[in-house]
Enquirer: 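Sharing a structure with you now.
For the single chain, residues carry numbers from 1 onward in sequence order. What you are looking at is a predicted structure, and each value in this text was computed from that prediction instead of being measured. Indexing begins at 1, ligand by ligand and atom by atom, following the structure's order.
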Amino acid sequence: MSQNNAHYIDVDAADLRTPGSASAPSIRKYRNYIAGQWCDPLSDDWFGSVNPADGKVWAHVPKGGAKDAARAVQAARSAFASPAWRALTATARGELLYRVAAVFESRIEELAHIETRDNGKRLAEVIPQLRYLPTYLRYFAGLADKIEGAVIPVDVAGVFNFTRHEPLGVVVAITPWNSPLMLAIWKLAPALAAGNTVVLKPSEHASISSLELARVFEDAGMPPGVVNVVTGWGFDVGDALVRHPDVAAISFTGSEIGGQTIAAAAAVDVKRVTLELGGKSPQLVFADANLDDAVNGVASGMFSALGQSCIAGSRLLVHASIHDEFVERLVALMRNVRIGDPCDPATQIGPVATQAQYQKVLQFIDDAKSEGARCVLGGGPATEPRCQGGWFVEPTIFTDVKPQMTLFREEVFGPVLAVSRFDDDAQATLLANDTRYGLAAGIWTQDMSRAFRLSEQIQAGTIYINSYRHVSMMSPVGGFKHSGYGRENGIEAIKEFQQVKSVWIGLQPVPNAFPAPAV
Ligand code: NAD
């Protein structure tokens, strides 16, 4: 472990062992945050964080492994038992979270630039997202002392029964690359408000903002070990965290396959698991919809964050009578968007976050073409000079997408919209539900009885009617079917990190009788 306690050191880019062309003469070499200390990975190895806008390494990420995972879990376990955390009242825990919110608020610009460099998301989208997070932290800070047990009027004479909501212990939070800070706060705020301690493992593709987040917790005065951050690959440090016997729960956001693997591994020790996975969310547009609203809502619901959003409305289902007009208007809206540098305020579409994801998106486009879908917009890499070197894909729209096609069934997590047509409400519902996912759905109609009916029939954790993509800390988010289980946000979120204990008190002398009366 390093002697000094800086969260990164500047090193000469030429001295770094990890391959990749650096974009600056010196580069930040980050450290993990364990037990309130900034420490080098025990492997003494790092890997590059690549800026998707120019394909260059801009920082170095600790390559954590099983030993780092064990240290972080040990730190979280000790902190969970320590009076510095365990003896705090729920109100005092809330006050700590208010301090975290204040420190976070003072660093939004800096954190936003780091996140954009890490994952290529447009600064214009990241800044508003981060500005909301202090409010989010304050919501859970306020909730910390408002989760109450109950006195149960049990049907047993001479006893008193009540319930307590207790923390689980060490929670492992695993996040993806698309919105690292937001998704980390979604987990950490309720987990800490509930009294747990946490090990955060961010995506290997966008780790730096989560290490900076650890510094926010440190500067806010969080006791050592309550929040720990270790970085590295999912199959390595991530897997070791999931399998560690001292971990009580795992809160995971990421791919379907990642969730399946984690749930299977967690089952061995009967750990609690929350899974927020992928989606192939439908947007249904009926003939009576306000088409101006629907065109704008479908475009932003699909192409915001370049479609790299779990709730991206990536299947557009349009009534046959308005199909051609609707597609024409959507294509006209998206045709002239500006693609480029995610830090440029004029940019409307930024780069894909990783090279692997870029290749995957292009493969989906090729498959859609070869399976017979009709490409009516985009369909390849963006070729403007300002896009050279980065991983830019044109916003792409396919029509005539049939349910058996790959594009109808699989999550692209990129800017590719699949359009299909329907003739009536029954067919619209069938198509909407013809997916193994169930994260979100949009319904565009002026007929509210139809909207209510469909909101009941469509199998998804979030239904938007004449809107899309709203999120609030107060409203639960989560999936049906293969989109996962458990809920984030709202009061449900804090309960995911608590267990209920039932306490019985005898009020009368125990009768001298054996066996005890039958229940
Ligand atoms: P991913 O599953 O590849 O990785 C997510 C995280 O899990 C990373 O930190 C990774 O290192 C870790 N990981 C992967 N396999 C692991 C394992 N076996 N054990 C432990 N850790 C493991 O996902 P991604 O590519 O980073 O993110 C994109 C996916 O996330 C998409 O499918 C998207 O829909 C989903 N997502 C869902 C939501 C939601 O709220 N439902 C939000 C954002 C993203």
Side-chain angles (χ1 to χ4, degrees), residues 47 61 63-66 69 118-119 121 129 172-187 199-211 229-244 247 250-268 271 273-281 304-314 352-358 360-361 364 410-414 435-440 460-462 469 471 475-489 493 496:
F47 57 93
V61 183
K63 191 172 174 192
D118 242 358
N119 71 0
K121 192 163 175 165
Q129 195 175 60
V172 165
I174 301 181
T175 49
W177 44 261
N178 60 330
S179 294
L181 283 172
M182 183 183 85
L183 296 172
I185 296 285
W186 280 19
K187 298 180 186 312
V199 180
L200 169 63
K201 207 300 279 175
S203 166
E204 51 275 24
H205 302 298
S207 301
I208 304 297
S209 59
S210 297
L211 290 167
V229 182
V230 286
T231 57
W233 296 86
F235 62 80
D236 188 0
V237 68
D239 183 67
L241 286 169
V242 167
R243 290 178 194 278
H244 198 292
V247 167
I250 297 134
S251 176
F252 173 79
T253 301
S255 61
E256 183 186 3
I257 180 72
Q260 288 165 333
T261 311
I262 285 168
V268 175
K271 291 169 182 142
V273 180
T274 304
L275 300 178
E276 298 286 344
L277 310 178
K280 193 76 198 180
S281 300
S304 298
L306 201 67
Q308 300 175 136
S309 164
C310 53
I311 56 167
S314 54
V352 173
T354 68
Q355 190 168 24
Q357 184 66 17
Y358 172 73
K360 192 175 136 193
V361 172
F364 270 113
E410 300 302 325
E411 181 186 46
V412 177
F413 219 58
T435 167
R436 67 183 186 282
Y437 293 114
L439 200 55
T462 301
R469 234 172 166 265
V471 177
S475 184
V477 168
F480 280 27
K481 304 195 281 188
H482 282 224
S483 291
Y485 47 76
R487 290 294 177 268
E488 300 200 294
N489 302 353
E496 296 283 352

Enquirer: Could you say whether the N/O atoms of Val242 and ligand 1 ever approach to under 3.5 Å?
Expert: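 For ligand 1, there is no N or O atom that lies under 3.5 Å from one belonging to Val242.
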
Enquirer: Is a side-chain N or O of Ser483 found less than 3.5 angstrom from the main chain of Gly278, in a donor-acceptor match?
Expert: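 Looks like yes, one N/O pair under 3.5 Å.
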
Enquirer: Taking Glu488 for its side chain and Thr274 for its backbone only, find out whether a donor-acceptor pair lies under 3.5 Å.
Expert: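 The answer is no, because no donor-acceptor pair under 3.5 Å joins these two groups.
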
Enquirer: Which option wins on minimum heavy-atom distance to atom 2 (O) of ligand 1: Gly258, Ser255, Gly254?
Expert: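 Considering heavy atoms of Gly258, Ser255, Gly254, the nearest to atom 2 (O) of ligand 1 sits in Ser255.
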
Enquirer: Can you list the ligand 1 atoms lying under 4.0 Å from a non-hydrogen atom of Gly278?
Expert: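 Per the distance check, 32 (O), 34 (O).
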
Enquirer: With heavy-atom distances below 4.0 Å as the criterion, list the atoms of ligand 1 near Pro202.
Expert: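 Result: 9 (O).
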
Enquirer: Is there a side-chain contact (heavy atoms from CB on, under 4.5 Å) between Met182 and Val471? Walk through the geometry before answering.
Expert: CA-CA 11 Å; Met182 183 183 85; Val471 177; 5.8 Å; no

Enquirer: Pairs of nitrogen or oxygen atoms closer than 3.5 Å, one from Thr261 and one from ligand 1: do any exist?
Expert: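 No; every N/O pair is 3.5 Å or more apart.
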
Enquirer: In ligand 1, which numbered atoms sit nearer than 4.0 Å to a non-hydrogen atom of Lys201?
Expert: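 The atoms of ligand 1 under 4.0 Å from a heavy atom of Lys201 are 8 (C), 9 (O), 10 (C), 11 (O).
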
Enquirer: Determine whether a donor-acceptor pair (N or O, by modelled atom type, separation under 3.5 Å) exists between the side chain of Lys201 and the backbone of Val237.
Expert: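 No: the side chain of Lys201 does not pair with the backbone of Val237.
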
Enquirer: Please work out, at 4.0 Å between heavy atoms, whether the side chain, the backbone, both, or neither of His205 comes within that distance of ligand 1.
Expert: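 His205 to ligand 1: no contact under 4.0 Å from either part.
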
Enquirer: Without swapping roles, check the side chain of Asn178 against the backbone of Gln308 for a donor-acceptor pair under 3.5 Å.
Expert: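 Here the side-chain-to-backbone pair exists.
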
Enquirer: Heavy-atom pairs closer than 4.0 Å: do any link ligand 1 to the side chain of Val477, the backbone, both, or neither?
Expert: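 Neither; nothing of Val477 gets under 4.0 Å from ligand 1.
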
Enquirer: Using the rule side-chain contact (heavy atoms from CB on, under 4.5 Å), only one of Thr462, Val477, Leu439 pairs with Ile311; which is it?
Expert: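 That would be Leu439.
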
Enquirer: Within the distance-only criterion (no hydrogens, no angle test), does the side chain of Lys271 pair as donor or acceptor with the backbone N or O of His244 below 3.5 angstrom?
Expert: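 Yes; judged by distance alone, with no hydrogens or angles, the pair exists.
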
Enquirer: Which atoms of ligand 1 are found less than 4.0 Å from any heavy atom of Asn178?
Expert: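 This gives 43 (C), 44 (C) as the contact atoms.
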
Enquirer: Under a 4.0 Å heavy-atom limit, does Leu183 contact ligand 1 with its side chain, its backbone, both, or neither?
Expert: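 Side chain only; the backbone of Leu183 stays clear of ligand 1.
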
Enquirer: Does the N or O separation between Trp177 and ligand 1 drop below 3.5 Å for any pair?
Expert: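 Yes, since at least one N or O of Trp177 sits under 3.5 Å from an N or O of ligand 1.
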
Enquirer: Given 3.5 Å as the limit, does a donor-acceptor pair link the side chain of Arg487 with the main chain of Gly479, or not?
Expert: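 Yes, because the side chain of Arg487 sits within donor-acceptor range (under 3.5 Å) of the backbone of Gly479.
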
Enquirer: Need the ligand 1 atom indices (1-based, order shown) with element for anything under 4.0 Å from a heavy-atom of Ile174.
Expert: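 Matching atoms, with element in brackets: 6 (C), 7 (O), 9 (O), 12 (C), 20 (C), 21 (N).
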
Enquirer: Tell me which part of Phe235 gets within contact of ligand 1: side chain, backbone, both or neither, using heavy atoms under 4.0 Å.
Expert: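 No part of Phe235 is near ligand 1 at this cut-off.
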
Enquirer: Could you go through the salt bridge (charged side-chain N to carboxylate O under 4.0 Å, His left out) check for Glu256 and Arg436 one step at a time?
Expert: CA-CA 11 Å; Glu256 183 186 3; Arg436 67 183 186 282; 2.9 Å; yes

Enquirer: From atom 19 (N) of ligand 1, is the closest protein heavy-atom distance below 4.0 Å?
Expert: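 Under 4.0 Å from atom 19 (N) of ligand 1, at least one protein heavy atom found.
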
Enquirer: Heavy-atom contacts with Leu277 under 4.0 Å: which atoms of ligand 1 show up? List them by number with element.
Expert: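 What qualifies from ligand 1 is 34 (O), 37 (C), 38 (C), 39 (C), 41 (N).
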
Enquirer: Counting from 1, what ligand 1 atoms have a heavy atom of Thr175 closer than 4.0 Å?
Expert: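 Listed by number with element, the hits are 5 (C), 6 (C), 8 (C), 9 (O).
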
Enquirer: Apply side chain to side chain donor-acceptor pair (under 3.5 Å) to Lys187 and Ser251, showing your working.
Expert: CA-CA 7 Å; Lys187 298 180 186 312; Ser251 176; 3.1 Å; yes

Enquirer: Quick check on contacts: which atoms of ligand 1 are under 4.0 angstrom from a heavy atom of Thr253?
Expert: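 Close to Thr253: 5 (C), 36 (N), 37 (C), 38 (C), 39 (C), 40 (O), 42 (C), 43 (C), 44 (C).
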
